[in-house]
Amino acid sequence: MSHLKVYNSLTRKKEIFKSITPGHAGMYVCGPTVSGESHLGHARPYITFDVVYRYLMHLGYKVRYVRNITDAGHFEEEGREAEDKISKKAVLEKLEPMELVQKYTNLYHWAMDQFNCLPPSIEPTATGHIVEQINMIETLINAGYAYEKKGSVYFDVKKYAADYDYGKLSGRVIEDMLETTRELEGQEEKRNRADFALWKAAPAEHIMRWKSPWGEGFPGWHIECSAMATKYLGAQFDIHGGGMDLLFPHHESEIAQSTICNHIAPVRYWIHNNMITLNGRKMGKSYNNVIRLTELFTGDHPLLEKAYSPMTVRFFILQTHYRSTLDFGNDALLAAEKGLKRLQEAHEWLQKMRITNDDGQPENVNQELDEKVIKLLNELDEFINDDFSTAKVLANMFELVPVINSIKDKNIPVQSLHITTLQMLQQKMKVYVEDILGLKTETLAEGEKLNGVLQVLIDLRKQAREKKDWATSDKIRNQLAEIGILLKDEKNGEMSWSIE
RNA sequence: GGUACCAUGGCCGAGUGGCUAGGCAGAGGUCUGCAAAACCUCCUACAGCAGUUCGAAUCUGCUUGGUACCUCCA
C-alpha cells in the first residue's frame with residue numbers, strides 16, 4: 001500500500017502526508033463570501049477538497065473539516081450598497097445584511113448539495129466569532145506586531161518580516177513589497193504599504209459594525225480564518241486549503257497572524273487548487289466573465305449551449321488535476337457529460353451484478369485479462385495517493401468500462417475473471433466512484449416511480465415486438481426519445497433505459 | 001515593473017528521459033427488423049530554435065505566445 005503524498009504549496013514539493021495526531025486529521029478550507037451567488041469557479045475548491053475529505057475518511061482518519069462562511073466586512077449586493085443607515089428609507093426597504101447573508105448561504109448550501117459535497121464538520125461564520133477575532137488582535141498588539149490608528153488596527157508586516165519569513169508561502173520578497181508604488185485606499189494610515197488591516201473603523205454609514213477596544217468597526221479579511229482555525233483545529237493543524245488566488249495576501253497573512261499568536265506555524269500542508277478559466281481567462285467578478293451555478297444548471301447563459309448537470313460539472317472538474325488550470329467550454333462539458341454517462345451506466349450494471357460461486361472456474365480464467373484488471377484496480381490506490389490524481393483514477397476506470405460492458409453483453413464470459421477479481425472489481429469501483437469521487441446517480445431520486453412507468457412502456461413494446469408490430473414498437477421508442485428517454489434493446493431481449 | 005506558472009493531436013486533458021494515458025468528436029467494422037447503446041479497429045500530438053544524451057513531450061538555454069498573483073477574488 002503506497003502512502004498518500006500531497007503537494008505542499010509551502011515547500012513546493014510532494015510530501016508524504018502524516019497527521020499531527022495519529023488517526024485524526026484537521027482540515028480548514030476557505031469558504032465563500034456570502035454576498036453573492038456562487039459561480040463555476042467557486043465549485044472547484046469545494047469539489048476538490050470534498051474529495052480530499054472523502055479520501056482521508058476512506059483512509060480511516062477521523063477528520064474535522066472546517067469551512068468558514070465569510071459574512072462580515074464591507075457588504076454590498078451587486079450594484080446595491082449596503083450602506084443605507086442614514087437614509088430615510090423604511091426598515092423593510094433597506095438592505096438588511098443578515099437577509100443577504102441568509103439568502104446566499106442558502107443558495108450556497110443548495111449548490112453544495114447538488115454537487116454531492118459532504119457538509120463540513122464545522123461551518124463557522126465570521127460574525128459569530130467577533131470576540132475571538134478581537135482577542136486575537138489584542139494579542140497581536142500586545143506582542144508588538146500590530147498598531148492602532150484612528151480606530152483601525154494594522155498588522156506590522158515590516159516588523160514581522162524582521163523576525164520571521166514573511167513571503168515564504170507565496171515566494172514574495174519583502175523588500176520589493178515595501179517599495180511597491182501602487183496606489184491603494186487607506187494607505188496613509190499604514191506605516192508601510194505591505195501592512196494589512198486587522199480591524200477597520202466603520203464609517204457612519206456602514207451597517208455591519210461591532211464594538212471593540214478601538215471603537216466601532218468590523219474585522220479585517222484575514223483574521224477570521226486565523227481565529228476560527230485556531231479555535232476549532234488548534235494552534236497547528238494538518239491541512240489548509242483554498243484557491244491559488246488566496247495564496248497572497250490571504251494565506252500569507254494568516255500564517256503571520258497565527259504564528260505570532262500561537263508561537264507556531266499554523267499549517268503543515270497547504271493545498272491550493274488552480275483556477276477555472278473561460279477562454280483562457282480566470283473566471284472572476286473583476287473580469288465580468290462568471291457563469292453562476294444556477295445558470296450552469298439551467299443553461300440560461302449566453303455562453304451555454306445547454307444545461308449541464310451538477311454531476312457533469314463535478315466529473316468535468318475531477319477529470320483534471322486540481323493544480324492545473326481548467327478551461328471551460330461547451331465542447332469540454334459535453335464530452336464530460338457523455339463520458340460520465342458511459343462510466344455510470346457500466347458502474348450501475350456492475351453493482352447490480354450477482355457474483356456466484358459458479359462464476360469462478362479457474363480453468364476458464366483469462367489470465368492476461370485477469371491480471372490487467374487487477375493491475376488497473378491496484379493503480380487506483382496509487383494514483384489517488386499521488387496528490388489526488390483523480391484524472392488518472394478516471395482514466396483507469398475508463399479502461400475497465402469495456403471489460404464490464406463486455407461481461408454484460410457476454411462478449412467476455414464472466415468466468416474469464418477469477419471470482420475474487422470480480423469481487424474486487426465490484427467493490428473497488430463502488431468505493432472509488434461513490435465514496436471517494438462522490439459521483440452519484442442523478443436519476444435515482446425520482447427513480448422509483450419513473451422506473452415503474454417505464455416498465456409499463458417496456459412491456460408494451462416487448463409485446464409489440466413479439467407481434468412484429470414495428471410501428472407501435474418504434475412509436476414508443478421514438479416518442480420517449482423526443483422527451484429525452486432512450487430505450488435500448490439488449491442482446492437477451494431485455495430492454496433498458498436511460499435519460500439523455 | 002516585481003514574482004510565479006503554463007504552452008500536448010479537431011476539442012478537453014494525463015504525463016517528467018526510452019514502455020506511444022484517458023474522455024469527447026471523426027473513420028471503418030461487429031451486433032441488430034431498424035435505431036441507439038455496447039464492443040473491436042483506426043486517427044500516434046507535444047509552440048519555435050539551439051543544446052545535453054545512445055535516446056527528450058519530459059533536462060538546459062534562448063525566442064515567441066498566454067495566464068495568475070502583487071487590490072476584492074475560489
Side-chain angles (χ1 to χ4, degrees), chain A residues 12 29-33 35-36 38-49 70 73-74 76 167 170-173 175-177 179-185 193-194 196 221 241-250 252 272-277 280-287 290 315-316 319-321 323-343 345-346 349 379 383 389-399 401-406 408-412 465 468 470 473-474 477-478 481 486-491 496-498 500:
Chain A
R12 290 154 207 249
V29 173
C30 289
T33 301
S35 62
S38 299
H39 61 253
L40 177 57
H42 295 116
R44 195 163 192 196
Y46 306 134
I47 289 170
T48 298
F49 292 104
T70 299
H74 178 81
E76 57 182 88
S170 57
R172 238 142 273 254
V173 183
E175 287 75 21
D176 294 347
M177 296 173 53
E179 285 166 16
T180 306
T181 53
R182 257 183 115 100
E183 282 305 320
L184 297 170
E185 280 176 59
R193 314 193 87 94
F196 55 88
W221 177 38
M244 269 184 190
D245 49 352
L246 297 180
L247 253 156
F248 191 90
H250 187 53
E252 195 73 61
H272 291 95
N273 64 276
N274 214 317
M275 304 290 107
I276 287 181
T277 57
R281 202 91 209 251
K282 174 185 168 184
M283 188 176 287
K285 232 194 278 184
S286 23
Y287 295 123
V290 302
F315 177 83
F316 173 66
Q319 252 190 324
T320 310
H321 188 87
R323 280 189 289 113
S324 300
T325 53
L326 172 57
D327 201 42
F328 171 86
N330 278 288
D331 291 344
L333 262 292
L334 225 45
E337 185 179 75
K338 291 195 175 179
L340 173 63
K341 191 178 165 199
R342 193 156 80 92
L343 176 66
E345 285 183 1
W349 182 84
E379 279 176 344
F383 293 157
S389 296
T390 54
K392 286 169 128 185
V393 166
L394 286 168
N396 267 29
M397 285 183 183
F398 274 107
E399 294 210 51
V401 164
V403 177
I404 295 166
N405 283 334
S406 294
K408 175 186 167 198
D409 292 343
K410 304 203 183 343
N411 292 333
I412 297 177
R465 278 164 57 87
K468 302 226 183 279
W470 308 125
S473 160
D474 287 350
R477 187 180 61 198
N478 295 340
L486 301 178
L487 281 188
K488 284 172 280 191
D489 297 340
E490 305 291 345
K491 295 254 188 298
S496 64
W497 59 276
S498 64
E500 207 166 24

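Lettering follows sequence order; numbering is per chain, from 1. Every heavy atom of this structure was used, including side-chain atoms; hydrogens, water molecules and symmetry mates were not.
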Inset, instruction - Take atom CG of A:L343 and atom P of B:rG22, then tell me their distance rounded to the nearest Å. - result: 15 Å
Inset, instruction - Tell me which nucleotide among B:rC69, B:rC12, B:rC34 gets nearest to the side chain of A:D489. - result: B:rC34
Inset, instruction - Show your working on side chain to side chain contact (heavy atoms under 4.5 Å, CB included) between A:T48 and A:V29 and close with a plain yes or no. - result: CA-CA 10 Å; A:T48 298; A:V29 173; over 6 Å; no
Inset, instruction - Select one nucleotide: of B:rA74, B:rC70, B:rG13, the one nearest the side-chain heavy atoms of A:R172. - result: B:rC70
Inset, instruction - Have a look at A:E399 and say if it touches a base, only the backbone sugar-phosphate, or nothing, with a 4.0 Å heavy-atom cut-off. - result: sugar-phosphate
Legend entry - Which nucleotide in B:rC40, B:rA74, B:rC34 has an atom nearest any side-chain atom of A:R477: B:rC34
Inset, instruction - Could you please name the option among B:rA74, B:rA25, B:rC70 that lies closest to any side-chain atom of A:T33? - result: B:rA74
Legend entry - Closest-nucleotide ordering on RNA chain B, the 5'-leading residue of A:N405 and A:H250: A:N405
Inset, instruction - Tell me whether the OP1 or OP2 atom of B:rA68 has a side-chain N or O from A:R281 closer than 4.0 Å. - result: yes
Inset, instruction - Using the C1' atom as the reference point in each nucleotide, state the distance between B:rG9 and B:rC49 in Å, no decimals. - result: 22 Å
Inset, instruction - Starting from C1' on B:rG9, measure out to CG on A:D331 and report it in whole angstrom. - result: 15 Å
Inset, instruction - Side chain of A:W470 only, please: which of B:rA74, B:rG23, B:rG33 is the nearest? - result: B:rG33
Legend entry - Inter-residue atom distance A:L340.CG - A:L333.CG, 0.5 Å rounding: 11.5 Å
Legend entry - Any strand: nucleotide that pairs with B:rU32 via Watson-Crick or wobble, under 3.5 Å: none
Inset, instruction - May I ask you to say what A:Y287 touches in the nucleic acid, namely base, sugar-phosphate or nothing, with a heavy-atom cut-off under 4.0 Å? - result: sugar-phosphate
Inset, instruction - Rounded to the nearest 0.5 Å, what's the gap from CE on A:M283 to NE2 on A:H42? Could you check? - result: 10.5 Å
Legend entry - Spacing of A:H321 atom NE2 relative to B:rU8 atom C1', expressed in whole Å: 17 Å
Legend entry - C1' atoms of B:rG61 and B:rU71, separation to the nearest Å: 36 Å
Inset, instruction - Identify the heavy atoms of A:S498 and A:K488 that sit nearest to each other, and give their distance. - result: OG-NZ, 3.4 Å
Legend entry - Between B:rC12 and B:rU20 - P atom distance, rounded Å: 24 Å
Inset, instruction - Measure the distance from NZ on A:K468 to C1' on B:rG33 and round it to the nearest whole Å. - result: 7 Å
Inset, instruction - Starting at CD1 of A:I404, measure out to CD of A:E345 and round the result to the nearest 0.5 Å. - result: 12.5 Å
Inset, instruction - Sticking with atom P, work out how far B:rA47 lies from B:rC11, rounded to a whole angstrom. - result: 14 Å
Inset, instruction - For A:G284, report the nucleic acid contact type (base, sugar-phosphate, nothing); a contact means any heavy atom under 4.0 Å. - result: nothing
Inset, instruction - Name the nucleic acid region contacted by A:A332, choosing base, sugar-phosphate or nothing; use a 4.0 angstrom heavy-atom cut-off, strictly under. - result: sugar-phosphate
Legend entry - Nearest listed nucleotide, side chain of A:F248, among B:rC69, B:rC39, B:rA14: B:rC69
Legend entry - Closest to side chain of A:K282, choosing from B:rA74, B:rC24, B:rC69: B:rC69
Legend entry - Pairing nucleotide - B:rG55, Watson-Crick or G-U, each distance under 3.5 Å: none
Inset, instruction - Name the pairing partner of B:rG10, where a pair is Watson-Crick or G-U wobble with both distances under 3.5 Å, or state none. - result: B:rC24
Inset, instruction - Kindly point out which of B:rA14, B:rC39, B:rA36 is positioned nearest to the side chain of A:T320? - result: B:rA14
Inset, instruction - Can you tell me the distance, in whole Å, between the CE atom of A:M275 and the P atom of B:rC5? - result: 16 Å
Inset, instruction - Determine whether A:K341 and A:E337 make a side-chain contact, defined as any pair of heavy atoms from C-beta on separated by less than 4.5 Å. - result: no
Inset, instruction - Measure from the side-chain heavy atoms of A:R465 and tell me the nearest of B:rG22, B:rC69, B:rG33. - result: B:rG33
Inset, instruction - State the pairing partner of B:rA45; accept Watson-Crick or G-U wobble contacts with both distances under 3.5 Å, and report none otherwise. - result: none
Legend entry - Separation of the C1' atoms in B:rG22 and B:rG13, to the nearest angstrom: 8 Å
Legend entry - Separation of atom CZ in A:R342 from atom P in B:rC40, rounded to whole Å: 9 Å
Inset, instruction - Identify, between A:L246 and A:G171, the residue whose nearest nucleotide on RNA chain B lies closer to the 5' end. - result: A:G171
Inset, instruction - Take atom P in B:rU58 and the same atom in B:rC43, then report the distance between them in whole Å. - result: 23 Å
Inset, instruction - Please report, rounded to the nearest Å, how far the P atom of B:rA68 is from the CE atom of A:M244. - result: 13 Å
Inset, instruction - Hey, could you give me the CG/CZ distance between A:D489 and A:R477, rounded to the nearest 0.5 Å? - result: 6.0 Å
Legend entry - side-chain N/O A:K338 vs B:rA25 OP1/OP2, d < 4.0 Å: yes
Inset, instruction - Please round to the nearest 0.5 Å and tell me the distance separating atom CD of A:Q319 and atom OG1 of A:T390. - result: 9.0 Å
Inset, instruction - Please determine if a side-chain N or O atom of A:T48 lies less than 4.0 Å away from the OP1 or OP2 oxygen of B:rA74. - result: no
Inset, instruction - Answer yes or no: side-chain N or O of A:D474 and base N or O of B:rG33 forming a donor-acceptor pair under 3.5 Å. - result: yes
Inset, instruction - Remember a base hit wins even if backbone is also touched, and classify A:V401 as base, sugar-phosphate or nothing at under 4.0 Å, heavy atoms. - result: sugar-phosphate
Legend entry - Distance, C1' atom - from B:rG15 to B:rU32, rounded to whole angstrom: 40 Å
Inset, instruction - Report which part of the nucleic acid A:D409 touches: base, sugar-phosphate, or nothing (heavy-atom distance under 4.0 Å, all strands). - result: sugar-phosphate
Inset, instruction - Tell which nucleotide pairs with B:rA68, taking only Watson-Crick or G-U wobble pairs whose two distances are both under 3.5 angstrom. - result: B:rU3
Legend entry - Distance, nearest 0.5 Å, that separates CG of A:N273 from NE2 of A:H321: 10.5 Å
Inset, instruction - Between B:rA4 and B:rA36, how far apart are the C1' atoms? Round to whole Å, please. - result: 50 Å
Inset, instruction - Consider the side chain of A:D327, meaning its heavy atoms from C-beta on, and name the nucleotide among B:rC12, B:rA68, B:rA74 that approaches it most closely. - result: B:rC12
Inset, instruction - Round to the nearest Å and state the distance from A:N478 atom CG to B:rA37 atom P. - result: 14 Å
